[in-house]
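See structure below.
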There are 2 protein chains.
Amino acid sequence: MFLSNLRFGVALAGALLSTAAFADPLPSWNDVDAKSRITAFVESVTDPQGDSYVTPGDRVAVFDNDGTLWAEQPAYFQLFFAMDRVSQLAEADPSILTSDVLKAAAAGDLKGVFADGEKGLLEVINLSHSGMSVDAFISDVQGWLDTARHPETGMAFDQMIYQPMLELLSYLRDEGFETYIVSGGGVHFIRAFAETAYNIPPEQVIGSATKTSYQIVDGVPLVVKEPGIAFVDDKAGKPVGIDSKIGKRPIFVSGNSDGDFQMLEWATAGEGPRFGLIVHHTDSAREYAYDRDSHIGQLARGLDEGPERGWLIVDMARDWARIWPAE
Amino acid sequence: MFLSNLRFGVALAGALLSTAAFADPLPSWNDVDAKSRITAFVESVTDPQGDSYVTPGDRVAVFDNDGTLWAEQPAYFQLFFAMDRVSQLAEADPSILTSDVLKAAAAGDLKGVFADGEKGLLEVINLSHSGMSVDAFISDVQGWLDTARHPETGMAFDQMIYQPMLELLSYLRDEGFETYIVSGGGVHFIRAFAETAYNIPPEQVIGSATKTSYQIVDGVPLVVKEPGIAFVDDKAGKPVGIDSKIGKRPIFVSGNSDGDFQMLEWATAGEGPRFGLIVHHTDSAREYAYDRDSHIGQLARGLDEGPERGWLIVDMARDWARIWPAE
């Protein structure tokens, strides 16, 4: 009995091992160049006998969020949240709508929200993203994600995440990488869903941030979101944010817009093996097609310089067999 | 042959397991109250059958550095580094000593450095902590640690770390905790030795920070340290820094001065089991004895309110069998 169980166990372990070794870690990636470049890199840095071996502690992979891990059209999803929140606050107290921009936000009028440039956007962010504890804000975002729907697809926003990128995150983690989000979006906003959506815990989310303060409110110690911006994690802010929070130069870096250029440039300039990846939105049938002239996620310099820098430009239409998890 | 090897293996595994279960994880802690309170807490939150069980992802432990993990008298060790660096820079170019405070720093005159208050300290920090890449700064600190010696003990600064705290860090990690440093000291300064000294990687070091910028210097992309302070990770800044970088409220928190009060207050006010620990410097024979009236590491409110808040006040003289690793 013991021996036959042992034999069965050995056989089972062998079967599992060979399944693991031969299973396709990226089933939603078509079998073209992009996929094999990714797997060749990962195999090279994880082979302890190879010249390109990287110890697990240095296998740091960073991912932009908007347009890289989830969709970003026709506007950043966080802006839909902000407008819905302004609208909800205005129902309770219409006198808070002290400007045309705030009135536009409450009405869900995207053009009106952008009409006053950055100053107007900051008004919308200040009203919708401050005056509550971080914990309360995260609960609000989670409640919003449960009910809000994308204006064009009708999908829940947190279902508009890219299945091929979920597989890539999971593959990298299985191969000993730490996977971080490095986003121009708000750090607290992203933490509200990153663990559920991407299996990325709060301490591995880096993002832009409102000011915060420590306060005792009715005897309860809280970290509270305040008006104003403490950090902009975009463009040259991305390497700065990565240095501040991780303190290592990533070896795998993935973005989709010129807001990610400096992060790609800095990470891939490091010594040893490096991998840069740009998601190029080329699929107007299944998702969106945009690059140089887009008001969101503009990508020009990355297209011009990426290939000669050795970065992989992922052609969504060609390289991805599937877009959404729920497909 | 196979079976006897198997039996040997099972016996060996059993022996290793029972060693692990019964070995003292904190041999440099005397067998008094403090030690048993720590182990009782850790056992309670790691027992999956118990009411106090905490899942590994939420086992976040944070430690102040100066006075908690290493010594801080007669002045913060980072200040000795800063003065040595000013002195070294002045050898190459004496004209940089544009103020009495900078001249005092170059001469190693602590009193003179403090004579102009915060403004003077900022001059010393700006001169010694900016104008180079983060990588170059970290190399500088490592070179300094190799040769500099403490003015009173003659020990290397990174040997003046507390053996009982090393054991506590290690014990917590073995029990599935993530261990972070949350220090008023500089994040880049601490990262220069935290991995070697404490087995804490860069991404688990939170600290005060100079401004930094992303720059292309002679074609090389770098993160560069700039004059000015970006973040002060002290007092109310500690909960703010933890929220920003970890995004979770720690369940184990350890400090030694009133600069750690808010971090202790916030962390131990969270729901579920929490542990607050204050290292009380009571050992003038083996280390230093100071609290309420010290110009460095002042501890008054923590002594007054800590016990009623359930925080453990570690009496260094009574609770620690050994201070330094090299003893």
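Order of the sequence lines sets the chain letters (A, B, ...), proteins ahead of strands, with each chain counted from 1. Hydrogens, waters and symmetry mates play no part in the numbers below; they use all other heavy atoms, side chains included. As the structure is a prediction and not an experimental result, all values here were calculated from the model.
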Derivation and outcome, side-chain contact (heavy atoms from CB on, under 4.5 Å), residues B:K248 and A:E203: CA-CA 8 Å; B:K248 295 172 183 169; A:E203 66 270 27; 3.0 Å; yes
side-chain contact (heavy atoms from CB on, under 4.5 Å) between A:V223 and B:R249, worked out: CA-CA 10 Å; A:V223 177; B:R249 204 188 287 221; over 6 Å; no
Inter-residue atom distance B:Y214.OH - A:I242.CD1, 0.5 Å rounding: 10.0 Å
Partner residues of B:A197 under the side-chain contact (heavy atoms from CB on, under 4.5 Å) criterion, sequence neighbours left out: B:I161, B:F193
Under 4.5 Å from any heavy atom of chain A - which part of B:I138: neither
Part of A:Y180 lying under 4.5 Å from any heavy atom of chain B: side chain
Residue selection (most heavy-atom pairs with chain B, distance under 4.5 Å) from A:Q262, A:E265, A:R191: A:R191
Which of B:P202, B:A236, B:A269 touches chain A most, by non-hydrogen pairs under 4.5 Å: B:P202
Step-by-step side-chain contact (heavy atoms from CB on, under 4.5 Å) determination, A:H188 to B:D243: CA-CA 9 Å; A:H188 296 130; B:D243 171 70; 2.8 Å; yes
A:S213, part contacting chain B, at a heavy-atom distance under 4.5 Å: backbone
Interchain contact, B:E178 with chain A, by part (heavy-atom threshold 4.5 Å): side chain
